[in-house]
Amino acid sequence: VAEEKRREHRKREDQVGEPVSQETKVEDLVLQKEEKAKKIGDRIVMIGAYDKVFSTYIDNASETRACPACKRPFSEGHEELDEFLCRTRESRDQCPEKLENAKRIRDELLAEVDALRAKA
């Protein structure tokens with residue numbers, strides 16, 4: 001009986017491709033990876049929204065010389081506005097890379113799910 005359990009355990013590890021506990025089932029791993037992929041999918045949507053918000057903030061702040069969120073005018077000199085625009089552009093410019101990384105991670109998780117299902 002113990003030998004049979006060890007064989008089943010090794011079989012699960014072979015299916016998963018990584019060490020698993022004796023109680024771990026392939027279905028549980030699939031569900032965990034699917035949940036992670038869903039969370040990353042939500043993050044992908046958020047990153048896309050951030051890109052649009054940052055672009056809108058940059059346009060609005062440049063036109064109105066005021067904070068687009070609270071409408072407070074920036075100080076008379078250009079320093080405060082320039083600093084705000086610089087920070088916001090940096091944040092916006094990071095969006096494409098973050099988006100690509102999130103998509104890559106999501107796609108890897110979904111590929112792992114497909115592989116686990118194929119082996120099950």
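The analysis underlying the following values was restricted to heavy atoms, covering all of them including side chains, and did not include hydrogens, waters or symmetry mates.
- The pair Glu34-Arg117 meets the salt-bridge criterion, since a charged nitrogen lies less than 4.0 angstrom from a carboxylate oxygen.
- When side chains are defined from C-beta on, Leu85 counts as touching Ser62, because their heavy atoms get closer than 4.5 Å.
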Would you give me the side-chain donor-acceptor pairs under 3.5 Å for residues 89-99, sequence neighbours excluded?
| from | atom 1 | to | atom 2 | distance (Å) |
| --- | --- | --- | --- | --- |
| Ser91 | OG | Arg87 | O | 3.2 |

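- For residues 65-78, the side chain to side chain donor-acceptor pair (under 3.5 Å) pairs, not counting sequence neighbours, are Arg65-His78, Arg72-Glu80, Ser75-Glu80.
- For residues 41-75, the set of pairs meeting the ring-ring contact (aromatic ring centres under 6.0 Å, His included) definition, not counting sequence neighbours, comprises Phe74-Phe84.
- Listed by chain and number, the residues in a side-chain contact (heavy atoms from CB on, under 4.5 Å) with Asp114 amount to none (sequence neighbours excluded).
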Show me the side-chain donor-acceptor pairs of residues 37-49 shorter than 3.5 Å, one per line, residues at least two apart or across chains.
| from | atom 1 | to | atom 2 | distance (Å) |
| --- | --- | --- | --- | --- |
| Lys38 | NZ | Asp42 | OD2 | 3.4 |

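- One finds the OG1 atom of Thr56 at 9.5 Å from the CG atom of Asp51 (value rounded to the nearest 0.5 Å).
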Report, one line per pair, each donor and acceptor closer than 3.5 Å where one atom sits in a side chain of residues 102-110; sequence neighbours left out.
| from | atom 1 | to | atom 2 | distance (Å) |
| --- | --- | --- | --- | --- |
| Arg104 | NH1 | Glu108 | OE2 | 3.2 |

